[in-house]
Amino acid sequence: MTLLLSLGTLWLAGILTVATETFTHLISEKSWTAVLRGFLSESLIFSATAVAWGTSVWFILYFQGFAVPFRQVVLLMGFSHFPLLAYPLTIIPSIGYRLEQILRFTVYLLFTASVSWLAEVEIIHSAFACIGGWALHFLVVERRILSWSETTRL
Amino acid sequence: MIAIIFALLLLPILFAPLETAQWASTRPLRPEPEKRKEFGPAPPLQLVYFTGVAGYSGDFLARREKALLDQIQELCPGITVHHDVFPYSVSNLPLNGERVFRTLWMWLHKWRLKIPNNVFDVLIVIRNIGQLLVSADPRYGPSYNSGLAEVMEERLHPDAPTLFLAYSGGAQMAVGAARKLEGFLTHKPHLVALGGVFTDDPGIAAFETVVQLRGKRDYWVPELGRLIYPGLWRWQFWSTWNRYRRSGKFRKVTSGLHCHVGKSDYFGFDKLPRNTEKTYGEQSAEWVAKMVKKWSNPTCRPEVRAE
């Protein structure tokens, strides 16, 4: 039941994140089909990178000799996405753009803190274990920043 | 109760991007290249006025704002002044244009004409602040500023020197549009901001010169941008804004004893202390005229042409 709740949080956070980002893309994309395609692919990427994040953290800890149950890691990873439920607020112009960064960073901090508690390691240790997966998870979503020049050409 | 009122007041800001979204959705995916318009002789300088966040439409300008522009034109004959751009709409659609809340805006405007600076003015101000935030947002800004630049391209001469005169929040709108006008204007434009509120929009680099005219009693409004735009913070030395400031093209000039809003603001009809002849507005006009004369093309000035 707890696992279901955790995965439900992750799913809802993902949907809200991707749907909000799709709205903000709509302004620069202009084409509905491109937007829909974007929504579907982003949803897939979000789920895949979330799984990859949890798995990578579990692997890192496992190889360092901290045997933590995979189920527990997934559980904490799901709940760490709780702040993203506020993602629709990022529609607010300018303020929302900064809020996006804050929410994503909060997810990282929450997961780092919970992994530190679960594996009984230093917070710095878990911060390093979590950073790679987090970067992948959010930089993929954030790749429009990398294609910033495209939007400015509008 | 206070929370509900606060939330209701924030609604126009939350929905502010919708106007840009609607405008963008009506645009063709691949716009056909337009034929270059024929332009007449270039004026010595073209001045575009961007009103503050209390603006209502391009056609309607407060009496004091109109007076300032008239004084500038009187001091610098021959220049072209454009004040019909409503910067708080992506398509120059005034608040009394075809909008869902047209009746509300018209009602508020009527009240404003009866009782200037009444409490309901806040609604118009909040609505326009929403559009300012859209213009400064890296996600929505490129679209919004394209629309604003298109509106200006219809009015401007590409070969004439250009000066943007912006009051308060109008400064951000000028900065946003400037980058989009880079390919259109032959010369980089200049910006004179009267108590301008800036954001960290990288469009600032599109200006040849930026002059912030600020009154001694204009204490906090021009500083508002620092609250939510980290690019304005000094320690972010790599931001476009800070690099521009270091380049020496940005100047802060104390205009006098002006405040931001009131009888002694940049347009004020009140007389200056210890000088019964000149008003606050006239003092601002003289400052701007000085810069117009400096930046205008001398060969296009009427007196030079007559010779």
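Letters A, B, ... mirror the listed sequences (proteins, then strands); counts begin at 1.
Heavy atoms of other residues, nucleotides or ligands lying less than 6.0 angstrom from CZ of Phe82(A) number 12 at most. Heavy-atom neighbours of Ile124(A) CD1 from other residues, nucleotides or ligands within 6.0 Å: at or below the threshold of 12. Open room surrounds CH2 on Trp220(B); 12 or fewer heavy atoms of other groups in view lie less than 6.0 Å from it. Heavy-atom neighbours of Phe101(B) CZ from other residues, nucleotides or ligands within 6.0 Å: at or below the threshold of 12. Heavy atoms of other residues, nucleotides or ligands lying less than 6.0 angstrom from CH2 of Trp23(B) number more than 12.
Heavy atoms closer than 4.5 Å to chain A are found nowhere in Asp201(B), neither backbone nor side chain. With a 4.5 Å cut-off on non-hydrogen atoms, Ala16(B) touches chain A through its side chain but not through its backbone.
With respect to chain B, the highest number of heavy-atom pairs below 4.5 Å among Ile91(A), Leu89(A), Ile95(A) belongs to Ile91(A).
The two atoms that bring Arg98(A) and Tyr229(B) nearest to each other are NH2-CD2, 3.4 Å, heavy atoms only.
A distance of 10.0 Å separates CD1 in Ile13(B) from OG in Ser94(A), rounded to the nearest 0.5 Å. Between the OG1 atom of Thr90(A) and the CG atom of Asp137(B) there is a distance of 9.5 Å, given to the nearest 0.5 Å.
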